[in-house]
2 protein chains.
Amino acid sequence: MKTRDRIIAAAIDLFNEQGTKGVTTNHIAAAVGISPGNLYYHFRNKGDILRAIFEEMDAYGLERYREITAETPPGTLAAMERCFVMIQEYNWRYRFFKRELTALLLDDPLLRERFRLTHRQMLAIVRQSNECAVALGVFRPLAERELDLLSEAIWMVALFWLNYLEVGGEPVDDAGLGRGIEQLRLLIAPYLTEGARAELAAKSERPVP
Amino acid sequence: MKTRDRIIAAAIDLFNEQGTKGVTTNHIAAAVGISPGNLYYHFRNKGDILRAIFEEMDAYGLERYREITAETPPGTLAAMERCFVMIQEYNWRYRFFKRELTALLLDDPLLRERFRLTHRQMLAIVRQSNECAVALGVFRPLAERELDLLSEAIWMVALFWLNYLEVGGEPVDDAGLGRGIEQLRLLIAPYLTEGARAELAAKSERPVP
DNA sequence: GTCTATAAGCGGATAGAC
DNA sequence: GTCTATCCGCTTATAGAC
C-alpha cells in the first residue's frame, strides 16, 4: 500500500474516532509511522487530505451502488432496501464526514462545491429509482410533485439516519439500522400498489434479512 | 445587558457565521469589546461558553413551546405545524449547534449528557402530541409501534430539515421551510381520519399560512 | 520518498494590577 | 469587573540533508 493511501486510511480512522478538530497532521503522521515532513510531501495541508478522502468516498459509494443495481433492478423493493443498508454502511465508514459536514463545507469552498455536485447526483438517483418503481407497478402512478417530495423524504432518512442514532446516544448496530429500514417502509407504504404491499407485508414478518 | 450575556450573544453570532472551530475566545472578546482576560473571568473556558449557550437554547425552546400549547391544543394539526415552524426558527437561531452537533457532543461529555436529556424530552413531547391527536380523532387509532415510528419520523424531520437545506446549498427561506411543512404533511397524511383529512386539504390550498 | 530540525504563529489560559 | 502582560504548548508548514 502506497504511503499516500496509508495516510488517507489513517486519517479516516482518526477523524472517525476523535473528530477532525482533535486530529492534527502530526497525529496522522505518527499513526502511519512516518515523519510530519513526509506527510507534507504527499499533501499540501489538512484540507487537501480531506478533499482526497472525499474523492475516495465518492468513488466507493458509486461502486457499491453499481454492484447493487447490477444484481437488483432499480425500482424494486429489494433494491431500495439494499441501497438503504449500503448507504448506512457508507455513512458509518466515513462517519466523521457526515457528522461534521456543514462545518467542513463552511471551512472549504472547494469541498463545498464538490460535495454539492455529488449531493445533487444522489437525489437524482433516488428520484430515478422511484420513477422505475412506478414503471414497474411497485408504486401507484405519482404526480411530479409527489415524486419530488417522496424522493426527498427517502433521501433525507438515508442521509441522516446514522446521525440521528448517534445524536440520541443510541448504538449503531443491527437494531438501529433495522429501525431505519422500518422508517423507510413507513415512508413508502402509502404509495405501494396492492401487489407490492403484499410483498412488503410478507417481508416485514422477518424485518431485516 | 450584563457582560456575561453579551459574551453569549456574541459567541452565538460568531459561531453561526464561522463555526466553533474558526472562532477563538480572543475573537469573542474582541467582538464584545472586552479583553481576553475579562472573558475568562466570566467563563472557565470555551466549553463553558458552549454549555451556557445550550442552557439558553433549552430555556428558549421550552418557552416557545409553552406559548404555542397555551394557544393551540396539542394534537391538532394547527399545533403540529406551528411547532414545526417554531423548531425551524429555533434551529436557525442556534444553527451552529445543530450543524456541529455530533462533533460538539464528541468533545464534551458533560454537554453530551445534558443534550441527551433534552433530546429524550423532545421525543416524548412529540409522542404525547400524537397520542393527543388520536384522542381528538385527528389521527385514526394507532398501535404502539406505529406511534413510536411515526413520532420518531416527525421528530427526525423537525430536527434535520434545516441541516438538509444547508447541506444541499439551498437558501433557508420561506420556500425552504414551506417544503419542510409539506414533508411533515406527507408523513402524517396516511394516519389522518376523514374529517382531519378534509381540513388538511383545505389548508394545503394555501400551503404556508 | 523520507527524515530531522526548526521557524513562526496562534490559541487557551493565568497572574496580578487597577 | 476589567485590564495588561505574558506563558506554555501545540500545530502548521518549510528547509535541507540523506
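Because only heavy atoms are used, hydrogens play no part in the values below, and waters and symmetry mates are left out as well, while side chains stay in. Here is the naming used below: chain letters follow the sequence lines, and residue numbers restart at 1 for every chain.
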| Residues that Asp13(A) engages under salt bridge (Lys or Arg N to Asp or Glu O under 4.0 Å), provided they are two or more places apart | none

| task | Can you check each nucleotide of nucleotides 3-18 of chain D against protein heavy atoms at under 4.0 Å and return B for base, S for sugar-phosphate only, - for none, in 5' to 3' order? | result | BB------SBBB----

| query | Got a sec, which residues hit salt bridge (Lys or Arg N to Asp or Glu O under 4.0 Å) with Asp5(A), two or more places apart in sequence or on another chain? | reply | none

| field | Length of the NZ-C1' vector between Lys2(B) and dT2(D), whole Å | value | 13 Å

| request: Let me know the distance between CZ of Arg6(B) and P of dG1(D), rounded to the nearest Å. | output: 13 Å

Please output the side-chain donor-acceptor pairs of residues 94-110 of chain A that fall under 3.5 Å, not counting sequence neighbours, one pair per line with the distance.
from      : atom 1 : to        : atom 2 : distance (Å)
Tyr94(A)  : OH     : Glu56(A)  : OE2    : 2.9
Arg95(A)  : NH1    : Trp92(A)  : O      : 2.8
Lys98(A)  : NZ     : Asn91(A)  : OD1    : 2.6
Arg99(A)  : NH1    : Glu166(A) : OE1    : 3.4
Arg99(A)  : NH1    : Glu166(A) : OE2    : 2.6
Arg99(A)  : NH2    : Asn16(A)  : O      : 2.3
Glu100(A) : OE1    : Thr20(A)  : OG1    : 2.2
Glu100(A) : OE2    : Thr20(A)  : N      : 2.9
Thr102(A) : OG1    : Asn163(B) : OD1    : 3.3
Asp107(A) : OD2    : Lys21(B)  : NZ     : 3.3
Asp108(A) : OD1    : Arg51(A)  : NH1    : 3.4
Asp108(A) : OD1    : Leu110(A) : N      : 2.9
Asp108(A) : OD1    : Leu111(A) : N      : 3.2
Asp108(A) : OD2    : Arg51(A)  : NH1    : 2.4

| task | Quick one: list whatever passes ring-ring contact (aromatic ring centres under 6.0 Å, His included) with Phe160(A), sequence neighbours left out. | result | Phe160(B)

Do any side-chain atoms of residues 31-40 of chain A form donor-acceptor pairs under 3.5 angstrom with protein atoms, and if so which ones, sequence neighbours left out?
from     : atom 1 : to       : atom 2 : distance (Å)
Ser35(A) : OG     : Asn38(A) : N      : 3.2
Tyr40(A) : OH     : Thr25(A) : OG1    : 3.3

